[in-house]
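Just below is one structure, and these are the notes that go with it.
Counting starts at 1 for both ligands and their atoms, following the listed order.
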Amino acid sequence: MSLWTSTADPAVAVSFTEAVRSNVPPGGGLYLPARLAPLPDVPRLLELGWLERAPALLRPLLGPEPPEAELDALLADAFSFPAPLVEVREDRFALELFHGPTLSFKDFGARFLARFLAWAEARGGASPRRLVITATSGDTGSAVAQAFWGLPGFRVAVLYPRGRVSPFQELQMATLGGNVRAFAVDGSFDDCQRLVKACFADGALSADLGLTSANSINVARLVAQVLYYFEAVAQLRRHLPAGPRPWIAVPSGNFGNLCAGLLAARLGLPLAGFVAATNANRTVPDYLETGDYRPRPSLATLSNAMDVGDPNNWQRISWLFGDEVEQLRRSLRWGSAGDPETREALAALAALGYAGDPHGAVAWHVLERSLGPGEVGIFLATAHPAKFEATAEAAGPVPALAELARRPLLSEPLPNSLELLRSELRAWRPEAAR
Ligand SMILES: *Cc1c(COP(=O)(O)O)cnc(C)c1O
């Protein structure tokens, strides 16, 4: 049946389509699959290619919709780029998730979400949801803006913390124009996230404008990310035919990516386990160490897309482990890397002949400190090094980025004010050419 329930209310049971469209359950909490059983044929699935395997992995999460042929077409369109597993040294691999159009792993979730929503809205029905509003610490905004850009009937408002995203991230979201508006908010990512949450909490605004979210709490992003965990293990078996179970290190901010990995594990993906890696924003590592969950203001770091002090997917992960810190401790390894450790990790990777980015480097650092002899590790390389000042030079030139730098920046400054945001959104006429 594949119904989705709420972390706050086990009585909630909605279809995947409803969970995507409403974004959060009525009465708070977050959506998760009510029940996830291991798939019966994982070894066979691991031998398939990405596009053959994807529908089989998604069916238990999506239920009957969309029908097979439409789902196949949607997946082929969304995932038109590779996710190679690269050997960095013996028993250490990078899963490169940055070969999509905006050069970060956010393209996987955003492209699937855009195409799924377009499919769902095209069937008509009550209360269309066609104004996508999203807060971003950098990469979500560019991926979502690109994914929806020019999609008929949809509009996108991206909120990002002014001066806290990399110049390329800003160019990627704020040079599109058309149906995309980029607001540079006077505040942190957490402020942007609060503004977006407040828009959804305003029932009248949300209904009048048909708001929908593309944040990492949206289940469409979550399920798309399940796919590459299977791809990682499938490719690992080609490198290491004995089929050792790997540890996978996930560089985490809002913890949506790790949550998707945990869903993959519940679908039967054979793993040793996950390593949760953060930068100096240590809300989760501190919780795992002390048992005391204390959200706090975010700190600016080199891995800016992970600068989150109040991770919005943590609720889900905690729920998956019965909200028991002991269970989490038994199931995960974890650690953090500050900026000095991130720089050391980048240098270590460079010495191995691998050009890393600051986010992947955080995962590498924590992975290296988490594994014992004989253990095999994969870290997720979540963004292309050319996107960030600290690593652009080593990455060499990327033509798509050089072209972007010549376009005018169309960002709109916005004070950290719900009132002003509300009036901007209400005054936005869909037909107005911008
Ligand atoms: C968003 C992002 C992360 C963090 O992912 P979460 O799902 O929020 O934990 C890590 N690296 C990069 C490059 C990102 O854009």
Look at ligand 1 and say whether Phe98 reaches it with a heavy atom at a distance under 4.0 Å.
-> no
Within the structure, does Phe105 bring an N/O atom to less than 3.5 angstrom of an N/O atom in ligand 1?
-> no
Short N or O distance, Gly256 and ligand 1, threshold 3.5 Å exclusive = yes
Give yes or no for whether the N/O distance cutoff of 3.5 Å, strictly under, is met between Ser252 and ligand 1.
-> no
Could you find the nearest protein heavy atom to atom 12 (C) of ligand 1 and give me its residue, atom name and distance?
-> Thr382 OG1, 3.4 Å
Quick one: sort the Phe108 and Trp50 rings into parallel, tilted or perpendicular, breaks at 30° and 60°.
-> tilted
Main-chain N/O of Glu324 paired to Gln327 side chain as donor or acceptor, under 3.5 Å | no
Quick check: does Asp139 get an N/O under 3.5 Å from an N/O on ligand 1?
-> yes
With distance as the sole test, does Ser137 use its side chain to make a donor-acceptor pair with the main-chain N or O of Ala305 at under 3.5 Å?
-> yes
Do Tyr31 and Ser22 have side-chain N/O donor and acceptor atoms under 3.5 Å apart?
-> yes
Given Ala277, Pro358, Gly360, Gly253, which has its nearest heavy atom closest to atom 9 (O) of ligand 1?
-> Gly253
Between Asp107 and Arg111, does at least one N-O distance fall below 4.0 Å, as a salt bridge requires?
-> no
For residues Tyr229 and Phe274, establish whether the separation of their ring centroids is below 6.0 Å.
-> yes
NZ/NE/NH1/NH2 to OD/OE distance under 4.0 Å, Glu424 and Arg181 | yes
Distance-only N or O hit between ligand 1 and Asn257, under 3.5 Å = yes
Can a salt bridge be assigned to the pair Glu368 and Arg89 using a cut-off of 4.0 Å between side-chain N and carboxylate O?
-> yes
Top protein contact for atom 2 (C) of ligand 1, by heavy-atom distance = Lys106 NZ, 2.4 Å
For Met306, take its heavy atoms, then give the atoms of ligand 1 lying under 4.0 Å from any of them.
-> 3 (C), 4 (C), 10 (C)
Closest protein heavy atom to atom 8 (O) of ligand 1, given as residue, atom name and distance to 0.1 Å | Asn254 N, 2.8 Å
